[in-house]
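Notes to accompany the following structure.
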2 protein chains.
Amino acid sequence: MNINAISKEFNLSKDTLRYWERIGLLPKIKRNSSGYREYSETDKNWVFYIQVLRNAGMTIESLIEFVDLYRSDNNTNETRKSLLIEQRDLLEQEIKERQKTINYLSYKINNYDSHTLKYENEKLAYENNKEEK
Amino acid sequence: MNINAISKEFNLSKDTLRYWERIGLLPKIKRNSSGYREYSETDKNWVFYIQVLRNAGMTIESLIEFVDLYRSDNNTNETRKSLLIEQRDLLEQEIKERQKTINYLSYKINNYDSHTLKYENEKLAYENNKEEK
DNA sequence: TCTTGCTATGGAGTTAACTCCATAGTTTAA
DNA sequence: TTAAACTATGGAGTTAACTCCATAGCAAGA
């Protein structure tokens, strides 16, 4: 598949694809006789993986760290698997933070009429994350 | 409370506090006789609220939109409450996206040994979000 | 064959969200 | 009362993650 096809398949600009390759997020893509990129199935999988994780808010920096480790040779399948698990744990941590914020907003909503806004209460509501009414 | 106290309380740089005020994220803070900022309890609540939502990944742009509406005069308590609910819904949508990514990673982890990486499978795993083994 | 359209590269430009700087007034501890 | 520390303002600088541009080689249809 050429860059145009990939760009359309993933709804990513060609510039972004070239940029990701340039900074080492994507592996060096093979070129055909006239120097044009030819994306393999594996390349496609990487594009997909990176897009999903980017959309989930992972920074390019941590993704580069991940792919470098993942692609490194002195590295067993067990290690690769544990890298995926680490990646997932990171996201789970993030979700917990957001859930905390949602609970805090729920507290504010539920108590909207019944209490005066005091900073100490707000702070406690956020930190304890009780859904007291 | 002066800017130094707020800065320490929320672990935010003074520059950030001044910046938030300048762009209208925080209301205009009252000044004392020599022009120094004096943060009221209400101001403090705004700092807290904005920090929590920023940490949850909300952009400054949408926060400004929110605070402008929220502070607007022609605006009932009911409207304010529904703005909070909207805010919460936005975050919940975000969490769902991330949960999808976590499920996708789980799929990859669970099937790490047992399947060859095919793009169509990956894509389906992400979109359907089944945890098939 | 000619023109229009796609691709490549290196480098410059952009946007969000700060962060830093220069200059100047204010407060405080010695 | 003077030096060190803090505050204010306007504006410049920074970082991440693209996005755009100029130039030049290839390609495909009329």
Side-chain angles (χ1 to χ4, degrees), chain A residues 1-40 43-44 46-68 90 94 97-98 101, chain B residues 1-40 43-44 46-68 90 94 97-98 101:
Chain A
M1 271 174 112
N2 63 15
I3 196 169
N4 189 42
I6 296 283
S7 165
K8 279 184 179 138
E9 168 87 32
F10 293 98
N11 197 27
L12 286 168
S13 87
K14 295 171 201 172
D15 271 314
T16 299
L17 287 165
R18 284 188 278 247
Y19 167 69
W20 283 359
E21 182 181 345
R22 173 159 53 184
I23 62 175
L25 197 48
L26 287 174
K28 299 266 167 245
I29 308 295
K30 288 263 161 54
R31 311 312 171 91
N32 68 15
S33 53
S34 41
Y36 290 13
R37 288 170 177 80
E38 259 308 315
Y39 290 80
S40 70
D43 296 333
K44 225 165 118 176
W46 275 113
V47 173
F48 182 68
Y49 186 79
I50 289 161
Q51 183 178 39
V52 167
L53 276 282
R54 285 288 299 128
N55 287 344
M58 184 144 295
T59 66
I60 291 228
E61 201 183 359
S62 15
L63 268 172
I64 288 184
E65 203 188 346
F66 170 80
V67 301
D68 280 354
L90 264 167
E94 273 251 325
E97 261 310 298
R98 267 149 220 253
T101 303
Chain B
M1 269 177 115
N2 64 14
I3 196 168
N4 189 43
I6 297 283
S7 164
K8 281 186 179 136
E9 168 87 33
F10 293 98
N11 197 26
L12 286 167
S13 88
K14 295 172 199 168
D15 272 313
T16 299
L17 287 165
R18 285 188 279 246
Y19 167 71
W20 284 358
E21 182 181 347
R22 172 159 57 184
I23 62 174
L25 198 48
L26 287 174
K28 300 264 167 247
I29 309 295
K30 291 260 162 54
R31 311 310 172 92
N32 67 17
S33 54
S34 42
Y36 289 14
R37 289 170 176 79
E38 258 307 315
Y39 290 81
S40 70
D43 297 332
K44 222 165 123 176
W46 275 114
V47 173
F48 182 68
Y49 186 80
I50 289 161
Q51 183 177 40
V52 167
L53 275 283
R54 286 286 302 126
N55 287 345
M58 184 143 295
T59 66
I60 291 228
E61 201 184 0
S62 15
L63 268 172
I64 287 184
E65 204 188 344
F66 170 81
V67 301
D68 281 354
L90 264 167
E94 273 250 326
E97 263 309 299
R98 268 148 219 251
T101 303

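Here is how names work: the chains are called A, B, and so on, in the same order as the sequence lines, proteins then strands, and each is numbered from 1.
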Within 6.0 Å of [atom1] in [X], more than 12 heavy atoms from elsewhere:
X	atom1	answer
B:Glu38	CD	yes
B:Glu65	CD	no
A:Asn11	CG	no

Between [X] ([atom1]) and [N] ([atom2]), how many Å, whole number?
X	N	atom1	atom2	value
A:Lys30	C:dA8	NZ	P	16 Å
A:Glu38	C:dA8	CD	C1'	15 Å
B:Arg31	C:dT27	CZ	P	14 Å
A:Leu17	C:dC6	CG	C1'	15 Å

Q. Got a salt bridge between A:Glu97 and B:Arg98, using NZ or NE/NH1/NH2 to carboxylate O under 4.0 Å?
A. no
Q: Return the minimal non-hydrogen interatomic distance between A:Val47 and A:Trp20, and the atom names on each side.
A: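 Residues A:Val47 and A:Trp20, closest heavy atoms: O-CZ3, 4.3 Å.
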Q: Of all the heavy-atom pairs spanning A:Glu21 and A:Arg37, show the shortest one and how long it is.
A: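 Minimum heavy-atom contact is OE1-NE, 2.7 Å.
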Checking all strands, does [X] fall into the base, sugar-phosphate, or nothing category for heavy-atom contacts under 4.0 angstrom?
X	result
B:Arg37	sugar-phosphate
A:Arg22	base
B:Ile3	sugar-phosphate

Q. Between which nucleotides of DNA chain D, read 5' to 3', does contact with chain B run, using atoms under 4.0 Å from its heavy atoms?
A.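 Going 5' to 3' along DNA chain D, contacts run D:dC6 to D:dG11.
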Q) Of A:Ser13 and A:Ser33, whose nearest nucleotide on DNA chain D comes first from the 5' end? A)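 It is A:Ser13, whose closest nucleotide lies nearer the 5' terminus.
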Q) Taking the nucleotide of DNA chain D with the closest heavy atom to each, which residue, B:Asp15 or B:Ala5, is nearer the 5' end? A) B:Ala5
Q | Closest-nucleotide ordering on DNA chain C, the 5'-leading residue of B:Tyr36 and B:Arg54 | A |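 Comparing both residues, the 5'-ward one is B:Arg54.
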